Amino acid sequence: MNQIRPIVELGDPRLREVAKMVERSLDEAVINIISDMTATLASTCGVGIAAPQIGECYQVIIVSSRPTARYPMAPPMSPIVMINPTFNSTTERREKDWEGCLSIPGIRALVPRYTDIEVNYQDTQSVFKTINFSGFVARVFQHEFDHLHGQVYLDRVESSLDIISENMFQKLYVEKKQL
Ligand code: NI
């Protein structure tokens with residue numbers, strides 16, 4: 001059964017571990033983690049989730065860009081479950097844009113990310129896949145990938161001046177664009 005799990009928040013050591021590789025992606029335990037991640041993500045306004053955020057330190061993420069109250073400008077896509085993902089940037093170009101994290105409520109910050117990447121991963125059938133992402137979706141991927149390596153987006157912020165409150169983010173960047 002799909003279960004909505006509590007989101008692990010910053011300060012919990014599980015967010016600072018390097019997640020274990022998934023050896024057998026068809027194992028029941030892995031299938032259960034993925035369905036709980038799916039249910040948990042669907043219960044939020046997030047656009048991605050990593051297994052450590054529900055307390056499971058395995059290399060599994062879901063990238064699921066869609067317009068939500070947290071990210072009204074996010075392009076829609078079918079959610080992709082990625083097991084043991086890796087990536088290479090296909091450009092030197094990095095751009096700063098706003099990120100938030102379900103594990104760090106109340107805060108947004110400008111984070112530099114590669115604009116174009118090539119991602120390798122295994123799907124839920126254990127099939128190896130390659131996919132290219134750009135822009136916002138590339139950003140979501142890199143954010144979730146960091147969670148698998150004990151990092152959070154605040155680690156990549158270049159200046160504390162690039163951090164603002166969620167309320168101010170909503171006022172400055174969301175409400176204004178909806179007028
Ligand atoms: Ni996050």
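Bear in mind that the values here come from a model prediction, so they are computed numbers and not experimental data. Just so you know, residue 1 is the first one in the sequence shown, and it goes up from there. Read the numbers this way: they start at 1 and go in the same order the structure lists the ligands and their atoms.
- A donor-acceptor contact closer than 3.5 angstrom is absent between the side chains of Glu9 and Ser103.
- Placement of Leu41 and Ile83 within a single hydrophobic cluster is found when ILVMFWY residues are connected by side-chain heavy-atom separations under 4.5 Å, directly or transitively.
- For the pair Ser64 (side chain) and Gly48 (backbone), a donor-acceptor distance under 3.5 Å is absent.
- Less than 2.8 Å away from the Ni ion (ligand 1), the protein contributes these N/O/S atoms: Cys101 SG, His143 NE2, His147 NE2.
- Ring orientation note: the planes of Phe133 and Phe141 are tilted relative to one another, at an angle of 30° to 60°.
- Within 6.0 Å of OH in Tyr58 there are 12 or fewer heavy atoms belonging to other residues, nucleotides or ligands.
- Interatomic distance, Glu118 CD to Ser134 OG, rounded to the nearest 0.5 Å: 13.0 Å.
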